[in-house]
Amino acid sequence: MEALKAQFPATNFTLLAVVLALPLIGAFVNGVFGKRLGKAGVRLMALSALGGSFIAALATFLLLPKGEGGGTLAWTAWRWFSLNGRMGQTIPIDVAFSVDAMSATMMLVVTGVGFLIHLYSSEYMIKDPGYHRFFAYLNLFCFAMLTLVMADNMAVLFVGWEGVGLCSYLLIGFWFGEEKNATAGKKAFIVNRIGDFGLLVAMAILLYYTGSLRFAEINANARNLLDPVTIWPFGNLPIESQWDAANPSANALYKAIVHLFLPEKGIQVYASTLVGLAMFLGAAGKSAQIPLYVWLPDAMAGPTPVSALIHAATMVTAGVYLVARTSAVFLMSPAAMATVAVLGCATAIFAASIGLFQHDLKKVLAYSTVSQLGFMFIGVGVGAFAAGFFHVFTHAFFKACLFLGAGSVIHAMHARIHDTDKSQDIRNMGGLKKYMPITRWTFLLSCFAIAGAPPLAGFWSKDEILWRAFSTKIVAPEVGRLEPLWTWPSWLGQTIYWVGVVAATMTAFYMFRAYFLTFHGEFRGWKVVAGWKEPKHAHGHDDHGHDDHHDHHDDGTPLEGPKPHESPLAMTLPLMVLAAFAVFAGFLMAEPIHFEPLGHILAPVFTRAHDAVVLRGEGVEKLMWPMMGPGVAAFLAGTGAAMVVYLNKGGAPEEAFKKAAPGLYKLIYDKWRIDELYDAVVVGMVDALADIFTTADKWLIDGVLAKLTAAIVAFFGTVLRTFQTGRVQVYGAAMAIGLAGVGFFLVRPHADATVDDSKLRSAGEVVISAAPGPGYEYRWEGTGTEQKDFGPLREVRINVNPGETKDVKLHVRNAFAQEATHSFAITRPGRGFPSSAAPVPVVPGGVVPAGGGSIPAKDIPGLINPRGAQ
Amino acid sequence: MSPLDLVFQYWPAIGAGILGALVPRGDASTKQRAGLGLIAALTTLFVIWLWPTEGGAQAAQAAEAAGEWPHLLNLLIALPIVGAAAVLFIPRQMLSVLRGFTYLVLGIGFVASLWLLTVPMTAGWHFQYIKDWMPSLGIRYHVAIDGISLWLVLLTTFVTPIAAYASFGSIKTRIKEFCFALLLLQGGMIGAFLALDLFLFYVFWELMLVPMFMMIGVWGGADRVKAAIKFFLYTMAGSVLMLAAIIYLVWTHQKLTGDFTFDYLALSRVVLSKNAQIICFWAFSLAFFIKVPMWPVHTWLPDAHVQAPTGGSVILAAVMLKLGTYAYMRFSMGLFPGPASNLSANLAGVAILGGILYGALVAWKQRDVKRLVAYSSVAHLGFVMLGLFSATPTGMQGAVLQMVNHGVSTGALFLLVGVIYDRRHTREVDEFGGLAKVMPIYAVVFLIVTFASVGVPGTNGFVGEFLVIMGTFLSERLGKFAGIHTVGAAAGVILAAVYMLYVVQKMFFGPLTNPKNKHLPDLTVRESLALAPLVLMIFVIGFFPSIFLDRMKESILLQHNQYKVVSGQAILFADERDAKLLPEDTFSPAFLKGMPKKEKPAEPPAGAEGSQAALGGEGKVAQ
């Protein structure tokens with residue numbers, strides 16, 4: 001041990017590289033060379049990669065510095081990139097990893113459970129032609145998940161975060177030959193991306209306010225986030241009073257409409273709340289919480305071990321991990337925490353309700369996962385970070401065990417039914433305890449654990465969460481003279497508690513419903529032939545869930561076919577190990593009996609929560625044991641009800657309920673039709689928008705810019721072309737008309753003149769030069785020297801005194817004795833009164849050639865008037 | 001150094017080479033193995049070579065002392081152009097000679113361009129070369145490189161050979177003309193990236209239009225002529241406005257100093273009068289926005305891409321579009337920082353709404369894969385432009401990196417689309433489905449490039465987008481809009497996943513129903529060798545972006561500081577009517593290095609005094 005400590009100093013803990021590299025190498029080797037290695041080679045590579053990684057993770061856990069402040073093991077791989085902060089400071093983003101108690105525990109879960117699931121899959125997937133591909137993805141997933149939990153900063157976490165999403169996408173769509181699976185994978189990735197959007201925004205805000213993306217520094221500088229931000233109106237939009245001031249003459253209706261949108265006062269929230277909400281959006285995407293939970297049930301399209309590893313034990317808990325990891329940020333905003341807790345609570349009960357009547361065994365487990373994740377979010381939302389994380393830990397075992405058990409059942413059913421949907425339908429199961437005892441017992445134990453039977457793992461963790469929700473409150477941080485933060489109303493914690501208890505009852509009910517329907521009673525799969533296919537005749541899509549295969553083989557006589565069988569050892573061994581953990585893991589943090597080794601290890605990670613999360617009132621702590629009662633009662637009620645309904649009465653009450661309230665039953669069965677709602681609202685809207693844009697792009701933008709321009713040019717071309725006839729007569733006529741026009745112009749006199757007033761200001765001298773023309777003679781009036789008759793004088797010089805205005809009149813007579821007149825008024829401003837007139841037209845001396853004379857002064861002001869080098 | 005030492009020093013490269021050679025399955029040809037091994041080894045070597053080391057400062061000094069060969073840039077520009085001329089003398093029947101010669105010229109160009117990396121890219125100009133061209137008009141041949149153009153030049157020399165290699169697989173007619181066009185294009189593009197004389201820049205800017213016009217018009221699809229004309233007219237419309245603005249700027253400079261010059265550095269000092277600034281800014285920027293292309297002047301791009309041959313598309317997307325963004329950064333922001341700064345919040349809004357979001361949504365609705373990729377370019381370049389508008393060092397670094405990223409990943413995407421087009425002669429997504437079964441390697445490569453394009457961390461796309469988004473939020477320039485812009489830009493990452501995964505699913509997943517797709521061959525040797533460097537670069541940039549960012553950082557900071565200072569001055573001192581000249585000390589001496597020397601002391605030209613008198617505004621003339 002000491003030797004290891006010397007080998008791996010805490011600040012350069014290269015063992016982490018081993019933990020990470022082994023799965024990555026496994027992924028690469030299996031992915032690129034897997035086909036050549038053969039299945040045995042692939043299995044060896046995958047298992048040894050994960051096994052080695054587990055051993056290294058275990059060593060890491062053991063080497064973790066113990067003591068008061070806790071400790072971290074850190075390893076920096078290389079400088080990824082660096083950016084500049086708000087103050088221009090350089091903020092390095094390193095590929096760095098650091099491990100504290102929480103991440104070390106997660107590493108053990110990921111590699112440990114991961115190893116068991118790899119072992120299980122090596123048998124489960126043995127017949128699949130994509131064996132190597134499967135293990136490459138699975139190893140890659142473990143690498144990404146380890147990156148996520150070991151990351152030292154949010155950018156590296158994001159690598160893992162998207163990496164697991166990517167692997168999830170690949171694995172859900174593993175059997176990509178079916179459109180359904182590929183669609184489910186895509187849906188998972190896109191919904192996750194909505195969450196990632198939140199995470200990106202959160203990172204930007206954190207970077208701005210805390211000046212770092214490292215968790216240690218984010219948590220240390222979390223107080224900087226207590227800065228009010230105006231979220232509405234954004235940008236340059238005014239508030240009501242500003243708008244009124246800017247538009248005094250707006251009519252009443254217009255004003256009323258505008259006032260609908262503009263607030264009286266800017267709406268401000270604290271940056272911490274924004275970060276919290278954005279981060280929760282990310283967490284909700286990854287951890288399947290309302291409103292982004294819809295992808296997880298569909299994700300069951302992937303192979304069952306994938307559901308166990310990714311969609312139950314590890315990846316989906318990343319959101320909880322993130323919230324716990326950035327707990328200091330969330331503690332700066334009770335509103336964000338309330339959002340987390342309330343949405344977690346809502347998810348817990350909502351998903352549990354959907355789970356009640358599902359027929360697909362994996363769907364039941366999927367909704368149960370969503371619901372359990374809701375419990376975890378209640379935990380981190382009420383400030384019980386350790387408890388929430390503990391539920392992540394225990395849930396990993398029993399839910400992985402349940403999924404693998406379901407996989408074992410499906411494996412057995414597959415021997416008989418070669419149809420994915422049918423082999424997962426619990427209505428086709430029943431009585432399997434006879435054929436697969438190990439699966440049955442491990443499944444049962446895990447059911448007890450998840451239902452919260454004392455003293456199994458699920459009991460301790462769920463109870464801890466609910467107790468914390470009941471007993472604690474969150475103290476808002478002090479903000480000095482700023483507007484105080486929103487605080488929790490006193491009833492919120494208790495409401496969450498009671499809703500949680502109801503959800504726990506439902507959990508017990510649907511889990512045991514699934515258990516009894518699967519393992520007890522008679523095997524109903526006899527009715528289904530091997531290779532059974534969906535009837536091809538017209539069948540409403542909606543009702544095939546209820547009564548489809550009843551119209552086939554209604555007689556119920558068993559058909560010949562292989563029997564279900566227990567799975568081989570490679571599959572049952574993981575089940576037994578996981579079941580053992582599901583039974584005993586709870587004692588790692590059993591607060592009521594004061595035995596919590598894990599709690600002690602985790603305590604230094606959440607020191608900040610100690611001050612911010614306090615007991616609700618005096619004497620509440622005495623209620624700890626009594627408040628355990630409702631939790632146990634929930635287990636008993638749920639389990640008992642399930643037993644009565646499905647074991648004793650063979651499911652008759654469910655049928656009765658279905659008949660009594662067909663609408664409600666169907667609504668629940670159809671998952672409250674949330675998917676349809678999203679399709680209609682969100683997807684439909686984006687789709688419509690895209691359609692509009694596409695049409696506009698083609699007809700409006702391209703139409704105006706390209707087609708219309710081209711049309712205009714073509715139009716002029718056509719018009720002008722008609723003049724180019726090539727007939728001499730037409731040209732001759734045009735020439736005649738043109739000459740006539742020129743002649744007319746020459747016959748008429750034009751009294752134009754250029755005024756050079758550049759010396760007007762200094763010397764009061766203005767030079768007026770008249771434009772020349774054929775036979776022009778000029779007569780000036782008002783120049784001072786009176787002129788009686790027309791003469792050749794083209795240019796006159798006039799002196800104007802300050803404040804004086806002179807009217808000058810120019811008469812022009814041309815060779816045809818026609819006359820024209822033009823008058824000028826020349827004003828020289830007075831000494832004491834600078835001209836206040838509107839912009840004065842200026843003739844820049846250097847620009848216009850003197851005496852050029854053809855540009856009237858008023859056309860020139862746009863021209864530049866340089867002043868020379870400065 | 002003994003050979004054994006070399007082995008020990010470069011074991012990662014050797015390992016990578018062996019690994020690369022092992023990647024293809026059993027029956028692969030030696031050529032493919034050797035090629036992939038070589039590409040892998042060279043890429044690793046590249047990373048090792050450029051890895052930031054502790055002794056960086058010493059190495060930098062050593063390199064500085066070694067000096068910069070002044071003709072390197074001339075070589076880079078002239079080699080392809082001279083090569084293009086030389087191609088004309090090779091008989092058209094000698095196909096392999098033509099191809100070999102083209103490879104040779106492009107190869108030498110690439111190796112020579114690697115030389116640029118040996119010099120530490122400190123702020124200011126490097127490899128500067130100045131020669132008088134038309135002294136009476138102050139037109140000079142002035143080329144130089146800095147940390148910004150460095151990567152774009154390298155991108156050009158890197159992508160063009162790949163495009164050439166891939167093209168020779170599918171283009172069978174008029175090889176000679178193709179070689180000519182390709183080399184001329186390369187010369188034009190590199191010249192435009194390096195020119196610091198506005199006249200020279202304009203010449204190259206227009207020069208590269210011609211070969212691209214030929215490429216689309218000669219080797220393109222069914223509607224090629226129309227698309228080529230559209231491409232040409234759009235770009236030309238912008239360019240002539242730019243030319244007018246250049247001339248106005250030069251004329252103003254002449255008015256102020258008495259000297260004619262087209263030099264970018266000298267012209268940077270001119271602050272035009274308020275209206276003239278805005279008009280000239282738009283004249284320049286419109287030309288660049290069309291090239292980028294930014295909404296709403298983007299519609300030439302899908303048409304051009306759909307009709308262009310694969311190689312043309314690759315170069316068009318990977319390099320030519322970057323000229324728009326690069327030129328905006330260099331010239332619009334450099335010459336007219338005032339309007340660029342004032343308008344940045346609005347323009348950023350256009351980049352987000354019109355580029356990132358609109359481009360993505362329209363891409364989603366396209367049924368032609370190539371069209372879809374073209375619209376995705378609009379979205380990606382929206383990110384680049386957003387980074388530039390944000391005008392933070394972070395955002396600008398992200399923008400430049402994203403230019404390179406887009407070149408790599410979209411270039412690869414166009415190559416991939418070309419692969420399937422060569423087999424099926426269609427690009428309609430509805431024609432495909434389930435291709436992953438028959439073309440697994442193709443599917444894997446497509447998926448990797450897709451995720452690079454979507455911006456999954458670990459690939460190049462992420463780093464660029466991340467920097468741009470962070471830079472946007474940190475931007476002072478965007479003011480109150482920074483927050484909403486960040487949200488909009490980040491929302492773009494969702495849509496990127498939507499349209500890219502849509503096309504992946506449609507093409508590769510689901511049942512293999514279309515009988516025409518049942519026996520498609522997987523990637524050929526040529527195709528895989530063309531794609532390998534791009535795929536490797538995706539990961540190299542994704543994992544080791546600091547190799548790239550370190551070398552551009554100082555130039556970006558210089559440009560950023562200058563932009564900040566000069567835009568402030570330009571806004572403060574811009575007159576209603578007069579142009580002004582900023583004092584030289586406004587700029588860093590590193591920036592002004594190479595500015596044309598004054599022949600005579602600056603004296604106001606003759607007419608200036610009189611006009612100043614008139615400026616007093618006391619004279620009033622009424623008719």
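In what follows, chains are A, B, ... by sequence order, proteins preceding strands, each numbered from 1.
Contact annotation for Y208(A): both backbone and side-chain heavy atoms come within less than 4.5 Å of a heavy atom of chain B. Residue L705(A) touches chain B through both its backbone and its side chain, counting heavy-atom pairs closer than 4.5 Å. Proximity to chain A involves both the backbone and the side chain of L474(B), based on heavy atoms less than 4.5 angstrom apart. Proximity to chain B is absent for every atom of N181(A), based on heavy atoms less than 4.5 angstrom apart. Contacts between L447(B) and chain A at a heavy-atom distance below 4.5 Å involve the side chain alone, from C-beta outward. Both the backbone and the side chain of K437(B) come within contact range of chain A, each with at least one heavy atom under 4.5 Å from a heavy atom of that chain. Contact annotation for V504(B): only side-chain heavy atoms (C-beta onward) come within less than 4.5 Å of a heavy atom of chain A. Within the 4.5 angstrom heavy-atom criterion, no atom of E465(B) approaches chain A. L170(A) touches chain B through its side chain: at least one heavy atom from C-beta onward sits under 4.5 Å away, while N, CA, C and O do not. Only the side chain of H298(B) comes within less than 4.5 Å of a heavy atom of chain A; its backbone N, CA, C and O stay farther away.
The greatest number of non-hydrogen atom pairs below 4.5 Å with chain A, out of T486(B), L512(B), I469(B), V487(B), is found for V487(B). Contacts with chain A were tallied for G471(B), P393(B), G434(B), P302(B); P393(B) has the most, counting heavy-atom pairs under 4.5 Å. Most heavy-atom pairs under 4.5 Å with chain A: of the set A491(B), G492(B), P440(B), this distinction falls to A491(B). Contact tally against chain B (heavy-atom pairs below 4.5 Å) for V201(A), T183(A), V229(A): the top residue is T183(A). Ranking D550(B), L19(B), L233(B), L557(B) against chain A, the residue ahead of the rest is L19(B), based on heavy-atom pairs under 4.5 Å. For the set L549(B), V498(B), L582(B), the entry with the most heavy-atom pairs within less than 4.5 Å of chain A is V498(B).
Residue pairs meeting the salt bridge (Lys or Arg N to Asp or Glu O under 4.0 Å) criterion with at least one member in residues 176-186 of chain A, sequence neighbours excluded, are K180(A)-D421(A).
The side chain to side chain contact (heavy atoms under 4.5 Å, CB included) check on K506(B) picks up V429(B), D430(B), Y502(B), with sequence neighbours excluded.
Here the closest heavy-atom approach between residue W80(A) and residue F543(B) is recorded as CD1-O, 3.3 Å. Across all their heavy atoms, S82(A) and Q397(B) have their closest contact at O-OE1, 4.3 Å. Closest approach of W364(B) to A690(A), counting heavy atoms only: CE3-CB, 3.7 Å. When all heavy atoms of R36(A) and P24(B) are compared, the pair lying nearest together is NH1-O, 3.3 Å. Closest non-hydrogen pair, F466(B) versus L83(A), comes out as CE2-CD2, 4.1 Å.
Rounding to the nearest 0.5 Å places CZ of F508(B) at 10.5 Å from CZ of F176(A). Rounded to the nearest 0.5 angstrom, S546(B) OG and D94(A) CG are separated by 9.5 Å. A distance of 8.5 Å separates CE in M470(B) from CD1 in I93(A), rounded to the nearest 0.5 Å. Separating the CD1 atom in I91(A) from the OG1 atom in T394(B) is a distance of 7.5 Å, to the nearest 0.5 Å.
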Hey, can you pull the donor-acceptor pairs under 3.5 Å for the side chains in residues 188-199 of chain A, sequence neighbours left out?
from    : atom 1 : to      : atom 2 : distance (Å)
N192(A) : ND2    : A188(A) : O      : 3.0
R193(A) : NE     : E162(A) : OE2    : 3.4
R193(A) : NH1    : V454(B) : O      : 3.2
R193(A) : NH1    : V493(B) : O      : 3.0
R193(A) : NH2    : E162(A) : OE1    : 2.7
R193(A) : NH2    : E162(A) : OE2    : 3.4
R193(A) : NH2    : G455(B) : O      : 3.4
D196(A) : OD1    : W161(A) : NE1    : 2.7

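Using a 4.5 Å heavy-atom cut-off against chain B, the contacting residues of residues 697-704 of chain A are D697(A), I701(A), D702(A).
Among T695(A), D687(A), T694(A), the single residue meeting the side-chain hydrogen bond (donor to acceptor under 3.5 Å, both in side chains) criterion with K365(B) is D687(A). The side chain to side chain contact (heavy atoms under 4.5 Å, CB included) test with F473(B) is passed by exactly one of L206(A), L207(A), I205(A): I205(A).
In this structure, the side chains of T230(A) and K480(B) stay at 4.5 Å or more apart for every pair of heavy atoms. Side-chain contact between L401(B) and F81(A) is absent, with no heavy-atom pair separated by less than 4.5 Å.
A donor-acceptor pair is defined here as one N or O able to donate and one able to accept, closer than 3.5 Å; no such pair exists between the side chain of W300(B) and the backbone of A706(A).
Ring geometry for Y169(A) versus F451(B): interplanar angle over 60°, hence perpendicular rather than tilted (30 to 60°).
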